[in-house]
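Source: prediction; values computed, not measured. Throughout, protein chains are lettered first and strands after them, A, B, ... in sequence-line order, and every chain is numbered starting at 1.
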Number of protein chains: 2
Amino acid sequence: MARTQGSHSDITGPRVRAAALRLFARHGFAAVSMRQIAAEVGVQAGALYNYTPDKQSLLYSLLKGHMDELLAAWDDEGAGGAPLDRLARFTRFHIRFNVERPDAIFISYMELRNLEPENFAVIERLRRAYEDELEHILRDGVAAGVFEVPDLKIATLAVIAMLNGVNTWYRPGGRLSLDEVQTMYWDMVRRAVGA
Amino acid sequence: MARTQGSHSDITGPRVRAAALRLFARHGFAAVSMRQIAAEVGVQAGALYNYTPDKQSLLYSLLKGHMDELLAAWDDEGAGGAPLDRLARFTRFHIRFNVERPDAIFISYMELRNLEPENFAVIERLRRAYEDELEHILRDGVAAGVFEVPDLKIATLAVIAMLNGVNTWYRPGGRLSLDEVQTMYWDMVRRAVGA
DNA sequence: GTCTATAAGGTGATAGAC
DNA sequence: GTCTATCACCTTATAGAC
């Protein structure tokens, strides 16, 4: 796989990002060297710096891209309907989105502490924006009398934590289909919020 | 704080463990050097090797000690009673135990991937044993007709994931007391399992 | 039990040839 | 755009003095 010389104005950039995502998820940001990433891509370490100014920016760019994609995807399919329908849609959306990109999800909450403060603040703000989407659904449901939760903020975090747990065990082709998993968690979420 | 010479058959060992726990939780195992740990304790790096054969053993020892303590604590106060009572006790126990030792909890699920395979297998087995405690409660409740869950294994993991979420936001002296948090989560857990 | 000194090797990042 | 070579530094772990 190793190249010896020559130009490749092709797809090296995306391959660098893909390799970094995979390795960061497997071993952790701090444990992965630029040389390891380069070896995975099939270039020498120096060549990576054509695609990122430094290692930190590479991590930030992966997390930022992931959060943008998450919010855009929910924006596409989350809008409208009664609170109960929106909560069902959120539950199924969140599970599907997460299990489709386990590496990005993993580093998005494991490597936050390795972001420099300004980068951390940006990602944190986006994470909050996503949480707020769920909180608004719950608030509307409580106002409409169809949900009953002990505390809006805590119910929001509890539901997200429960749904995030899926990624720790779900594997495509396992005992349960994605649809079955979504349905089971919807059952539990629905009950947890008193619907 | 730095010593210059002399013997200290005192409490250096525990201080090494405490410093390592704190630093691993803050920055991650791979990002923390033996020199940093030594500086925190107030000794030179070489002195650490009086207390651990290597860095990996230090991590393993922290995780193993934590899991032993968890299982022993639950063994002390978890036994007996009706499924509903046992589930309430598990919920409150799990939350209290977790918020009392955030650093140990954090590294126990963040640094598993940095354990060597044999060490990982041991910790994983203990984690399973703890999960099984909850699964047995749910099974007994379902058998008794007081719980209703979509799937025993999934309900177990969903409840634990939800409860683990507390550590991401709870701080002593915050808006809610520990008892209030325990009560709110018990509300949501009870409903999630159809009790 | 702690120190200093050191071995052996890995780290992120840059310079300049092609 | 990629290579090779290199800088300055940090890493884990050990040896031997005190």
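Look at CG on B:Asn114: it is 15 Å from C1' on D:dT11, rounded to the nearest Å. Atom P of nucleotide D:dT2 and atom CE of A:Met34 are separated by 13 Å, given to the nearest angstrom. Between the OH atom of B:Tyr49 and the P atom of C:dG1 there is a distance of 17 Å, rounded to whole Å. Atom pair B:Gln44:CD and D:dC18:C1' shows a separation of 15 Å (rounding to whole Å applied). We find that CD of B:Gln56 is positioned 9 Å from P of D:dA13, with the value rounded to whole Å. Between the CD1 atom of A:Ile11 and the P atom of D:dG1 there is a distance of 13 Å, given to the nearest Å. One can place CG of B:Asn50 at 14 Å from C1' of C:dT4, the figure rounded to the nearest angstrom. Taking atom CG of B:Leu48 as the reference point, atom C1' of D:dT14 lies 13 Å away to the nearest angstrom.
Picking from D:dT11, D:dA13, D:dT2 the nucleotide with the shortest atom distance to the side chain of B:Gln36 gives D:dT11.
In this structure, B:Ser33 does not reach the D:dC10 phosphate: none of its side-chain N or O atoms is under 4.0 Å from OP1 or OP2. When the side-chain nitrogen and oxygen atoms of A:Tyr51 are compared with OP1 and OP2 of D:dT2, one or more of them lie within a distance under 4.0 Å. For B:Thr12, no side-chain nitrogen or oxygen approaches OP1 or OP2 of C:dG1 to under 4.0 Å.
Interatomic distance, B:Leu163 CG to B:Met188 CE, rounded to the nearest 0.5 Å: 8.5 Å.
Taking the ring centre of A:Phe97 as origin, the terminal cationic atom of A:Arg101 falls inside the region bounded by 6.0 Å and 45° from the ring axis.
The closest donor-acceptor contact from the side chain of A:Lys55 to the backbone of A:Val32 lies under 3.5 Å.
Both A:Pro53 and A:Ala31 sit near DNA chain C, but only A:Ala31 has its closest nucleotide nearer the 5' end.
The aromatic rings of B:Phe90 and B:His94 sit parallel, their planes meeting at an angle under 30°, below the 60° perpendicular limit.
Side-chain atoms of A:Arg35 and base atoms of C:dG10 include no donor and acceptor less than 3.5 Å apart.
Proximity of B:Phe24 to B:Asp103: side-chain heavy atoms (C-beta onward) are nowhere separated by under 4.5 Å.
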